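Here is the structure we will look at, set down as structure tokens.
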2 protein chains.
Amino acid sequence: MTAQRKVIRDVIWGSDGHLTSEQIYFLAKEKMPSISLGTVYRNLSLMSDEKEITRISIPGSPDHFDKNTVPHQHICCAKCGRLEDVELPGLGDLIKNAVSADVISYSLSIKYLCPDCAAKARTESGSDRP
Amino acid sequence: MTAQRKVIRDVIWGSDGHLTSEQIYFLAKEKMPSISLGTVYRNLSLMSDEKEITRISIPGSPDHFDKNTVPHQHICCAKCGRLEDVELPGLGDLIKNAVSADVISYSLSIKYLCPDCAAKARTESGSDRP
DNA sequence: AATAATAATAGGAATTATTACTAAAAGGAG
DNA sequence: CTCCTTTTAGTAATAATTCCTATTATTATT
């Protein structure tokens, strides 16, 4: 465990989760200004491989990293991009039943309009002057 | 419907599905050598928006495009990258029940070892000389 | 059919996210 | 402390995709 890796780890543990590599890089830089982007990427990949953190892949946006390693999925607002956790009990079984071969991993991403953006969209389309 | 768009459409319809933008570009170029990559990308995005085709996003590999617009999911071999369709009846309901807000779209991608690659892995690890 | 207005294209530059490379620094075993 | 391995910082390179612009095609209008 190098000092750099500890800083990265602390940034992720000190957050609410769902940070991008870039966000982690800038937060880590506050604690250790000499840290380099390559180091952040390499450590994030290593930590994902070791299942210390989870890599979240969302189509059309950069990868996010989650301190929560308990299986769960994510919903992503189509407008603002904000991520929220969502539990889908039964998804694992559903997949196991449908796929005969051994599953290595799976990832589900759901696009929706978050309450904030949905409210904004309503007022905009509802008002007289668009 | 421009000539270019028709060529792109024909390439996709003439395939088994699951082509990348690059593959579509090169196949389209055979029928229309002047076609440009930007045109292919733009038309694929338009056609996806109009739901004439489906964009398949797989973490770690370029987008693929599918002529099959009936809801279904994909399994991707972790070794060779080959894509196969998989039906997951009940997934839509599972998501609807878990997410209170309106869902715009969702996509599931499953990583596994395809039969061919699994066989290769077995003979390699099983033999005396690795 | 000629002309004007609009939309789409080809070709290339630019962007984004990420990985690869390399020389220097750090860390550990003996 | 010295040798050996690992990791780092910094930079260059890559991959996929988007953006830009002058040109070309298409459509509408007269």
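Predicted, not measured: the structure shown is a model, and the values here were computed from it.
- For the pair F65(A) CZ and dA17(C) P, the computed distance is 13 Å after rounding to whole Å.
- Nearest approach of I35(A) to K29(A), heavy atoms of both residues: O-NZ, 3.5 Å.
- Heavy-atom nearest nucleotides on DNA chain D were determined for S61(B) and for R5(A), and the one closer to the 5' end corresponds to R5(A).
- Checking L37(A) against G38(B), the closest nucleotide of DNA chain D that is more toward the 5' end is the one next to L37(A).
- Counting all heavy atoms, side chain and backbone alike, Y25(B) lies closest to L37(B) at CE1-N, 3.4 Å.
- Between Q4(A) and dA26(C), a side-chain N or O to OP1/OP2 separation shorter than 4.0 Å is absent.
- Taking the side chain of P62(B) as heavy atoms from C-beta on, and the options dT18(C), dA9(D), dA16(D), the nearest nucleotide is dA16(D).
- Closest to the Y41(B) side chain, of the nucleotides dA10(C), dT17(D), dT9(C), is dT17(D).
- S105(A) places no side-chain N or O within 3.5 Å of a backbone atom of K111(B) that could act as its donor or acceptor partner.
- Using a 4.0 Å cut-off between charged nitrogen and carboxylate oxygen, D10(B) and K6(B) count as a salt-bridge pair.
- Rounded to an integer number of Å, the gap from CE of M32(B) to P of dT9(C) is 9 Å.
- Inter-axis angle, ends of the helix from dA1(C)-dT30(D) to dG30(C)-dC1(D), five pairs per end, rounded to 10 degrees: 20°.
- The side chain of S45(A) lies closest to dT19(C) when the candidates are dG10(D), dT18(C), dT19(C).
- The heavy-atom pair separating C114(B) from C77(B) by the smallest distance is N-SG, 3.4 Å.
- I24(A) has its CD1 atom 14 Å from the C1' atom of dA17(C), to the nearest Å.
- Of the listed nucleotides (dA10(C), dT18(C), dT7(D)), dT7(D) has the atom at the smallest distance from the side chain of R42(A).
- Taking 4.0 angstrom as the limit, T2(A) places a side-chain polar atom (N or O) nearer than this to OP1 or OP2 of dT8(D).
- Taking atom OH on Y25(A) and atom P on dT19(C), their separation rounds to 16 Å, with Å as the unit.
- The CZ-C1' distance, from F26(A) to dA17(C), rounds to 13 Å in whole Å.
- Among dA8(C), dA9(D), dT8(D), the nucleotide with an atom closest to any side-chain atom of N43(A) is dT8(D).
- Here the nucleotide nearest the side chain of I35(A), chosen from dA9(D), dT18(C), dT9(C), is dA9(D).
- Dashed line: the shortest gap from a side-chain N or O of S34(B) to OP1 or OP2 of dA10(C) is under 4.0 Å.
- Atom-to-atom, CD1 of I58(B) to P of dT17(D) comes out at 12 Å; the value is rounded to the nearest Å.
- Counting only residues at least two apart or in different chains, ring-ring contact (aromatic ring centres under 6.0 Å, His included) contacts with residues 70-96 of chain A comprise H18(A)-H74(A), H72(A)-H74(A).
- Rounded to whole Å, the distance from CD1 on I56(A) to P on dT18(C) is 13 Å.
- Put simply, CZ on R9(B) is 17 Å from P on dA8(C), counting in whole angstrom units.
- More than 12 heavy atoms of other residues, nucleotides or ligands sit less than 6.0 Å from atom CG of N97(A).
- No engagement by T20(B) is indicated, since no non-hydrogen atom pair under 4.0 Å with the nucleic acid exists.
- For dG10(D), neither phosphate oxygen OP1 nor OP2 lies less than 4.0 angstrom from any side-chain nitrogen or oxygen of S36(A).
- One finds no salt bridge joining R9(B) and E50(B) here, because no Lys/Arg side-chain nitrogen approaches an Asp/Glu carboxylate oxygen to under 4.0 Å.
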